[in-house]
A.B. asks: 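Next up is a structure, given as structure tokens.
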Amino acid sequence: MLMPKRTKWRKQMKGRNRGKSFNGNKLEFGDIAIKAIEAGRIDSRQIEAARVSMTRKINRTGKTWIRVFPDKPLTAKPLETRMGKGKGPVDRWVMNVKPGRIIFEMAGVEEDLAREALTLAIHKMPFKCKIIALKDTNELY
């Protein structure tokens with residue numbers, strides 16, 4: 001699973017996830033991609049599940065790019081624990097995704113097969129996404 005090798009601080013605050021994505025909102029590497037429509041938080045396990053389903057569908061042909069990286073630690077206290085006594089340990093690694101952010105890109109695969117593979121990956125996402133292609137990149141999000 002994806003996680004940073006080291007971080008400056010062990011725990012972070014959750015923060016806010018508002019506005020549109022101005023970074024990573026254009027196709028850079030591939031011909032077809034998944035773009036987020038809603039804001040949300042994507043987990044390292046969800047990224048891995050989507051990646052596995054895509055690569056199995058395309059039989060490891062072509063190339064895929066993961067354009068998101070979960071570098072924010074989320075903490076959770078154990079179940080049935082009383083309040084207080086500090087913040088809990090790091091439970092999982094996430095990334096805040098804003099609308100318009102490209103999540104996966106794909107190239108070297110025929111478009112019908114790529115759309116099927118990306119549709120499988122969209123079902124693993126915790127927010128609404130859509131498939132965009134290089135030929136119709138005039139859309140904002």
Side-chain angles (χ1 to χ4, degrees), residues 1-109 111-141:
M1 280 189 281
L2 294 171
M3 70 173 59
K5 287 190 178 107
R6 58 184 298 270
T7 56
K8 191 168 185 179
W9 310 108
R10 195 162 48 105
K11 299 172 185 175
Q12 288 181 16
M13 289 203 261
K14 285 191 225 173
R16 297 277 181 259
N17 192 10
R18 298 178 178 171
K20 296 179 196 165
S21 175
F22 294 105
N23 296 340
N25 58 357
K26 295 178 180 66
L27 278 168
E28 298 287 336
F29 307 105
D31 305 326
I32 191 165
I34 296 176
K35 184 179 255 194
I37 298 174
E38 294 180 339
R41 193 178 279 151
I42 190 166
D43 191 353
S44 60
R45 289 177 295 174
Q46 292 163 337
I47 295 171
E48 182 65 15
R51 184 195 67 79
V52 167
S53 67
M54 281 188 334
T55 52
R56 281 188 181 153
K57 185 67 178 178
I58 62 172
N59 295 325
R60 291 190 292 281
T61 59
K63 183 154 176 59
T64 59
W65 289 269
I66 303 172
R67 297 281 306 274
V68 292
F69 185 78
D71 59 350
K72 180 184 278 291
L74 272 194
T75 61
K77 295 193 69 127
L79 289 175
E80 300 179 6
T81 306
R82 292 186 179 188
M83 292 288 103
K85 296 188 174 43
K87 196 170 183 178
V90 173
D91 183 43
R92 60 185 186 262
W93 293 89
V94 298
M95 177 181 176
N96 285 340
V97 176
K98 295 182 176 184
R101 178 76 189 215
I102 300 287
I103 299 166
F104 291 104
E105 290 189 36
M106 192 178 288
V109 184
E111 189 172 347
D112 296 335
L113 184 62
R115 282 189 184 273
E116 290 176 21
L118 292 174
T119 304
L120 288 175
I122 284 175
H123 291 309
K124 311 286 186 200
M125 297 291 120
F127 40 77
K128 287 184 184 172
C129 299
K130 73 176 191 178
I131 297 172
I132 61 164
L134 194 60
K135 62 185 178 188
D136 48 70
T137 55
N138 57 359
E139 303 175 23
L140 185 60
Y141 70 126

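What you see is a predicted model; the values in this text were computed from it and never measured.
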A.B. asks: CG/Leu27 to CD1/Ile102 distance, rounded to the nearest 0.5 angstrom?
C.D. replies: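 Here the interatomic distance stands at 5.0 Å.
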A.B. asks: Go through it in stages, so that I can follow the logic: the residues are Arg41 and Leu74, the test is side chain to side chain contact (heavy atoms under 4.5 Å, CB included), and I'd like the CA-CA distance, side-chain angles, deciding distance and then a yes or no.
C.D. replies: CA-CA 11 Å; Arg41 193 178 279 151; Leu74 272 194; 3.8 Å; yes
A.B. asks: Once rounded to the nearest 0.5 Å, what's the spacing between atom CG of Asn96 and atom CD1 of Ile42?
C.D. replies: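 The CG atom of Asn96 sits 11.0 Å away from the CD1 atom of Ile42.
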A.B. asks: Just how far is it from atom CE of Met1 to atom CZ of Arg92, taken to the nearest 0.5 Å?
C.D. replies: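 Separation between the atoms: 11.5 Å.
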A.B. asks: Report the C-alpha separation of Ile47 and Phe104 in whole Å, then their side-chain angles, then the decisive distance to 0.1 Å, and conclude whether the side chain to side chain contact (heavy atoms under 4.5 Å, CB included) test is met.
C.D. replies: CA-CA 9 Å; Ile47 295 171; Phe104 291 104; 4.1 Å; yes
A.B. asks: Take a 6.0 Å sphere around CZ of Arg45 and say whether it holds more than 12 heavy atoms from other residues, nucleotides or ligands.
C.D. replies: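 Check fails, neighbour count at 12 or below.
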A.B. asks: For Lys87, does the NZ atom have more than 12 heavy-atom neighbours from other residues, nucleotides or ligands under 6.0 Å away?
C.D. replies: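 More than 12 heavy atoms, drawn from other residues, nucleotides or ligands, come within 6.0 Å of this atom.
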A.B. asks: Partners of Gln12 by side-chain hydrogen bond (donor to acceptor under 3.5 Å, both in side chains), sequence neighbours excluded?
C.D. replies: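 Once residues adjacent in sequence are excluded, the partners of Gln12 under the side-chain hydrogen bond (donor to acceptor under 3.5 Å, both in side chains) criterion are Lys72.
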A.B. asks: Is it the case that more than 12 heavy atoms not belonging to Lys26 sit under 6.0 Å from its NZ atom?
C.D. replies: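 At most 12 heavy atoms, drawn from other residues, nucleotides or ligands, come within 6.0 Å of this atom.
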A.B. asks: Please test Ile34 against Ile122 for side chain to side chain contact (heavy atoms under 4.5 Å, CB included), starting from the C-alpha separation and ending with a verdict.
C.D. replies: CA-CA 7 Å; Ile34 296 176; Ile122 284 175; 3.9 Å; yes
A.B. asks: Supply the atom-to-atom distance Trp65 CH2 to Arg51 CZ, rounded to the nearest 0.5 angstrom.
C.D. replies: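 Reported value, rounded in 0.5 Å steps: 15.0 Å.
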A.B. asks: For Met106 and Ile58, run side chain to side chain contact (heavy atoms under 4.5 Å, CB included): C-alpha distance rounded to whole Å, both residues' side-chain angles, the deciding distance at 0.1 Å, then the answer.
C.D. replies: CA-CA 10 Å; Met106 192 178 288; Ile58 62 172; 4.1 Å; yes
